[in-house]
Amino acid sequence: MTTTPSSRFGADERGWFGDFGGRFMPEALVSALDELTVAWQEAMADPTFVADFEKILREYAGIPSPLYHAERLSERVGARILLKREDLNHTGAHKIRNVLGQALLTKRMGKSRVIAETGAGQHGVASATAAAYFGLDCTVYMGSVDTKRQALNVARMHLLGAKVVAVDSGSATLKDAINEALRDWVASVDHTAYLFGTAAGPHPFPSMVREFCRGIGDEARAQCLEQYGVLPDAIAACVGGGSNAIGLFTAFLEDEDVDIYGFEAGGDGFETGRHAATIYAGDRGVLHGARTFVLQDEDGQTIESHSISAGLDYPGVGPQHSFLADIGRATYLPATDAEAMDAMALLARTEGIIPAVESAHALAGALKLAEERPGQTILVNLSGRGDKDMGTALEYFRLGQADAETGDPA
Amino acid sequence: MSVSTAFEKARVDGRAALVGYLPAGYPDVQGGIDGLLAMVEAGCDVIEIGLPYSDPVMDGPIIQAAAQQALERGVRTADVLRTVEAVAATGTPTLVMTYWNPVARYGVERFATDLANAGGAGLITPDITPDFAEDWIAAADAHDLDKVFLVSPSSTDARIAMTTAASRGFVYATGIMGVTGTAQATAAGVAPLIARTKATTDLPVGVGVGVSTGDQAAELATYADGVIVGSAFVRRLLDHPDDRAAGLRALTELTADLAAGVRRA
Ligand SMILES: Cc1ncc(COP(=O)(O)O)c(C=O)c1O
């Protein structure tokens, strides 16, 4: 059923990636998910839909994004670091690919309203943007902890005409925003599409979101060959729910010589228990419609995750990542808050690029890989830009004080 | 004991069965048991015990609030089974309503064994459908337990047929498109779903989600074999956080109102 050429890594027609995935959902939503699956498959087989999607990405969202050789950083770490510049996309992250795909599909299905969940606010902003672009009503659910730490993105969504609902239940973060969006959807499914923000959830979302994001890897692979004449030795992406990561990985799955790494949020460190390293530290379970790795206690209650990055602060993960980890095709490791913030500062100072704190986790992981792989080529997905994270950086680095002395450091 | 015996008894009486819900562990484990026993005493024919879960996507704010407090106070899966045992001892058929992950984590086979040993009748499973419940269906059949799956106004006829074929005990028809404790179900709204469901099965059909008063129960009981009430009961307990006796009186009054309703149809 999947349109991926690498179908041995894809799902069967019921959404199973080996033992992972499926559709563990209330019956009330199953007909809508079936309808969505059919509509999506028909759309992907329709050259007009595909051409429309590519045109919007190109003319509106600034895609394809460049692949950039970070030379000063490379010199510093002793490996060739290539950055896929998704930070340059419209709205500042890879997320715009997914929402434009899903919103175009919503239009095609004749629905008039979209809902979305958001953690960092990046998917919410992208959804509000797509809704404005297509003239759809938009409601975004966001945990009340996140509306506070990402206030600027709440303002963006409002300016774009979306309604933002702060969710207080549970841990008041991304997982609870998903619960609330699902509750809305149960009551509104006849006229509303749920623009799911990551490659997780019930079938067909993990496969559909992957297909809308896979341009990241398709482009990066072609750009790497064209610009440098080789494939990378390793590729790296951060993993929250897993959309930017699976978007990058898909094109490389059949390239056996390319090592694939996903970096999860290590928070305060694995040993503290305060992290979001779901594959690395979680157990098999069911969350938000899929069987996957989940951070959970002995009774199967979801454990709150912790990360400096709202976008990675999720106790579940897309089922295809669980599958790729299980079969050993990809390796998932944690990068801590501190490692990510150091990587953020390093990239800012060596390259003049301020990455999203999520993307800084991928970079932090890549820097560790560089130590083990001197001289090799490591391609990193820079999934987003750091504008939204200046509050976090301000606090973390105690920035914002004017420098006391004028000074020529020499 | 299958809940179908309670539905059969109500049918012989020429009325619908009353199914009452509370989550285990609220206000605490014993308080939850006391509440359920009051509901049995006042006329519930079947009891449904909620297993509090961190991510209850089919529940509205009322049940969420009680379940979340139960979890914060440390309720465990074993406490739910203890609650089942206490209620089932009255001879009233007792089901557990649970989201899937706590059962998967406990071990499906182990859960079925322990539920059967506690005298439980079976499970209501709001976030799995029979096509993704092979392991539960096998365990339920092995332990002679009821499998109550849901049908919804949005279900296709084919899915309703698939669902009723896999069900045992009764079939749970959701009264509204929405979560618990929000909108009100009406007879006109659910009658088509009940008819479509009954066309596929001889099992009793119960209506739940969106039912809170005796008058509504009376109206729905003309179409359905059972009426399921949750949030309205939970609300009574939430309204009396500091006075348990008053909470129990409120549960008794609501049960009496609903029990009269199902007899009025
Ligand atoms: C820039 C950026 N990267 C990554 C993520 C994590 O999501 P995913 O794992 O789906 O790519 C987010 C989520 O908000 C994000 O904003």
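Residue numbers start from 1 in every chain, and the chains themselves are labelled A, B, ... in the order their sequence lines are given, proteins ahead of strands. Just so you know, these numbers use all the heavy atoms, side chains as well, and skip hydrogens, waters and symmetry mates.
For chain A, the option among B:Pro153, B:Ala104, B:Ala65, B:Ser54 with the highest count of heavy-atom pairs below 4.5 Å is B:Ser54. In terms of heavy-atom pairs under 4.5 angstrom with chain B, the leader among A:Asp283, A:Val294, A:Leu182 is A:Asp283. Counting heavy-atom pairs closer than 4.5 Å to chain B, the top residue among A:Ser171, A:Gly289, A:Ser169, A:Ala181 is A:Ser169.
A heavy-atom distance below 4.5 Å is found between the side chains of B:Thr156 and A:Ser31. Contact of the A:Phe24 side chain with the B:Asp127 side chain is not registered, since no non-hydrogen atoms from C-beta on lie closer than 4.5 Å. Between B:Asp55 and A:Leu287 the shortest side-chain heavy-atom distance falls below 4.5 Å. The shortest distance between side-chain heavy atoms of B:Thr129 and A:Met25 does not fall below 4.5 Å. When side chains are defined from C-beta on, A:Pro26 counts as touching B:Val57, because their heavy atoms get closer than 4.5 Å.
Annotation: cation-pi pair A:Arg291/B:Phe132 absent, no NZ/CZ under 6.0 Å from the ring centroid and within 45° of its normal.
Proximity to chain B (any heavy atom under 4.5 Å) is shown, for A:Glu304, by neither the backbone nor the side chain. Residue B:Thr174: no heavy atom, backbone or side chain, is found under 4.5 Å from chain A. Both the backbone and the side chain of B:Pro102 come within less than 4.5 Å of a heavy atom in chain A. Heavy atoms closer than 4.5 Å to chain A are found in the backbone of B:Asp59, but not in its side chain. In this structure, no portion of B:Ile176 lies under 4.5 Å from any heavy atom of chain A. With a 4.5 Å cut-off on non-hydrogen atoms, B:Val151 touches chain A through its backbone but not through its side chain. Interface remark: A:Asp297 contributes backbone atoms only to the contact with chain B (heavy atom separation under 4.5 Å).
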Margin query: Using the rule given for side-chain contact (heavy atoms from CB on, under 4.5 Å), can you reason through A:Thr302 versus B:Tyr53, listing the C-alpha separation, both sets of side-chain angles and the distance that settles it, and then say yes or no?
Written below: CA-CA 8 Å; A:Thr302 310; B:Tyr53 175 53; 4.0 Å; yes

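Of all heavy-atom pairs between B:Ser154 and A:Ala28, the closest is OG-O, 2.7 Å. B:Arg105 approaches A:Gly300 most closely through the heavy-atom pair CG-N, 3.3 Å. When all heavy atoms are compared, the tightest approach of A:Glu27 to B:Ser152 is CG-N, 4.1 Å.
Taking CG from A:Leu29 and CE from B:Met177, the interatomic distance works out to 6.5 Å, rounded to the nearest 0.5 Å. Considering CG of B:Asp131 and CZ of A:Arg23, their distance stands at 8.0 Å, rounded to 0.5 Å. The CD atom of B:Gln68 sits 8.0 Å away from the CG atom of A:Asp176 when rounded to the nearest 0.5 Å.
Formation of a donor-acceptor pair under 3.5 Å by the A:Arg183 side chain with backbone atoms of B:Pro56 is found in this model. Side-chain atoms of A:Asp299 come within 3.5 Å of backbone N or O of B:Thr77 as a donor-acceptor pair.
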